[in-house]
Amino acid sequence: MEYTLRLGDNALILGQRLGEWCGHGPVLEQDIALSNVALDHLGQARMLMQYAAELKGEGYTEDKMAFFRDITEYHNCLLVELKNGDWGKTIARQFLFDTFNYFFYTGLLQSKDERLQAIAQKAIKEITYHAQWSAEWLIRLGDGTEESHKRVQKAIDALWEWTGELFEMDEVDEKMCEAGIGVDLAGVKQQWHEKTAEILEIATLKKPEDGWMQKGGKQGEHTEYLGYMLAEMQHLPRMHPEASW
Amino acid sequence: MYLRDFYGKAIARIFVTESTVKIMTKETSLEDRFQQYVDGENKVEPKDWMPEAYRKTLIRQISQHAHSEVVGMLPEANWITRAPSLRRKVALLAKVQDEAGHGLYLYSAAETLGADRMDLIKDLLSGKAKYSSIFNYPTPTWADMGAIGWLVDGAAIANQVMLCRTSYGPYARAMVRICKEESFHQRQGYEIMMTLARGSEAQKKMAQDALNRWWWPSLMMFGPTDDHSPNSAQSMKWKIKRKSNDELRQEFIDKTVPQAEFLGLRVPDDALRWNEERGHYDHGEIDWEEFYNVIKGNGPCNKQRMDARNKAHDAGAWVREAANAYAAKQAQKKQSSAA
């Protein structure tokens, strides 16, 4: 359950963040494209939360999972809860996360858990498109104007310290990996490094050195940003806990 | 020959007069033929000859419509991060995204008439071009998502169903596609209202409050009464419009009142009653002073909406420049490798 919930939280929190862009994008076509990505993440979040709720039992539902857990009970990685920033920062975050997600879900296709495997099968098509889209934008911005190059390089540099956690194997990961349900993150790490190096080079951007990495999201230790996001997201159902919508 | 010999200067004048007459005759006949063509229920296509005023009227109307879709994203996008269930969140985001898509079709339809999308957008951002005033009202509660879908999209559909038969081909075709999505949005909005109306006391109150706030602005969406709508007659003649503002408004009221009754909500109009003789609902007086004030910029959210659009446009400038610069570099590379 915990493993499924982590994946669900990544999808929900990123979908929620991207939803903030809707109506405010730099040009209509990209407003639509980013909303599409947000919708894919929210769709995946629903499938994963429904599964997690079933595993948890006790009358849990996807909405109870999403709206009635507090910050320490959220298990997403920190990268996805960071603020959107400008278009460059959003693209940089998408690129770093989508590339991870692509290799991760490719691994999840082999999961021995039928339900996760089925979800991965559906999600991988969407995630492949996300990774393609954000890599293309990264290249466009990196190799666009001097200003766009500067902005997106700054974003990559700033986001780098939040990427280490993606590959951190904790007890849950180990256990799931051993059972053939989860994905070996060491393998994903190598693929991710190779792919990001390749794309960054095409984008004429510098790949930052690995330094100190932030972590804790998976274990429920979050940034301050997530609290505000949950407050906004959860306030209405929490104000009317008995209501259906 | 005679005139040319004796009145050198006059000759030129006669020629001017003759050619003017010729042009006018030609123009008149073209306009007549255009009118006959339209009267015969034929669609006008981008490359066909059309009166300049027809073209201008359409560019104005289609671009206003496009702007309305884009500005109309804002009051609903306001609730994406706060939608009370995951299902509602997904549906709302998809809906607002559809509106962006409608904006795109409509800008494209306007471009078939020779307009440039960027120029049209500049006119919106400078305040020169108008958009539907309804979007200058705020969305303080979740019930507003229901009320907008049900009433605002409902009123838009009444207008747009008519526009599916408008005389300009690309506009009519865009409308067919848009109408399909809009009716889906309307059902979705009504379903939100239904859930609230059948929910807790607090939810019912929320639904009634939203109806109270959106009812009159929705009626205003059809525009001034027929005797105060100066451009309508020409638009009807050209079959751009096929029903008058008052006719459409009446249709909307007749359709919507029973829907409100079904929800157990009260339409906020004391004068509203069924008129057996007319076969329609009679309704109270619309506050036209409010209508004209919101158009003038005095609505509760005019400034907020325009600020949001301008901010998005300005913040996106470097992104658009980068995309253009990159595309130009790629094109150059392709050219030099071909050479």
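Since we're looking at a predicted model, the values are computed, not measured. Heavy-atom basis, side chains included; hydrogens, waters and symmetry copies ignored.
A45(A) does not touch chain B: none of its heavy atoms, backbone or side chain, sits under 4.5 Å away. For chain A, the nearby part of A202(B) is the side chain; its heavy atoms alone come within less than 4.5 Å. Only the side chain of V70(B) comes within less than 4.5 Å of a heavy atom in chain A; its backbone stays farther off. There is no contact between A317(B) and chain A, counting heavy-atom distances below 4.5 Å. For M194(B), no part lies under 4.5 angstrom from a heavy atom of chain A. For a residue to count as touching a neighbouring chain, one of its non-hydrogen atoms must lie under 4.5 Å from one of that chain's; by this rule L196(B) touches chain A with the side chain only. With a 4.5 angstrom heavy-atom cutoff, L104(B) touches chain A via backbone and side-chain atoms both.
Of the residues considered (A328(B), A100(B), A77(B)), A100(B) shows the highest number of contacts with chain A, using heavy-atom pairs under 4.5 Å. Most heavy-atom pairs under 4.5 Å with chain A: of the set A83(B), A325(B), P84(B), A322(B), this distinction falls to P84(B).
With a 6.0 Å radius and a threshold of 12 heavy atoms from other residues, nucleotides or ligands, K195(A) has its NZ atom at or below the threshold. Taking a 6.0 Å sphere around CZ of F262(B), one finds it holds 12 or fewer heavy atoms contributed by other residues, nucleotides or ligands. Surrounding CD of E201(A) are at most 12 heavy atoms belonging to other residues, nucleotides or ligands under 6.0 Å away.
Using a 4.5 Å heavy-atom cutoff, the side chains of L12(A) and L86(B) are in contact. Contact of the L93(B) side chain with the L42(A) side chain is registered, since non-hydrogen atoms from C-beta on lie closer than 4.5 Å.
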Across chain B and chain A, going purely by atom type as modelled, what donor-acceptor pairs are there at a distance under 3.5 Å?
residue : atom : partner : partner atom : Å
Q16(A)  : OE1  : K89(B)  : NZ           : 2.7
Q16(A)  : NE2  : T81(B)  : O            : 2.9
G23(A)  : O    : R309(B) : NH1          : 2.8
P26(A)  : O    : R320(B) : NH1          : 2.8
E29(A)  : OE1  : R117(B) : NH2          : 2.8
E29(A)  : OE2  : R117(B) : NH1          : 2.9
I32(A)  : O    : Q97(B)  : NE2          : 2.9
N36(A)  : OD1  : Q97(B)  : NE2          : 3.2
D63(A)  : OD1  : L86(B)  : N            : 2.9
D143(A) : O    : K329(B) : NZ           : 2.9
D143(A) : OD1  : K329(B) : NZ           : 3.0
G144(A) : O    : K329(B) : NZ           : 3.1
E232(A) : OE2  : T81(B)  : OG1          : 2.4
S244(A) : O    : Q203(B) : NE2          : 2.9
W245(A) : O    : R88(B)  : NE           : 2.6
W245(A) : O    : R88(B)  : NH2          : 2.9

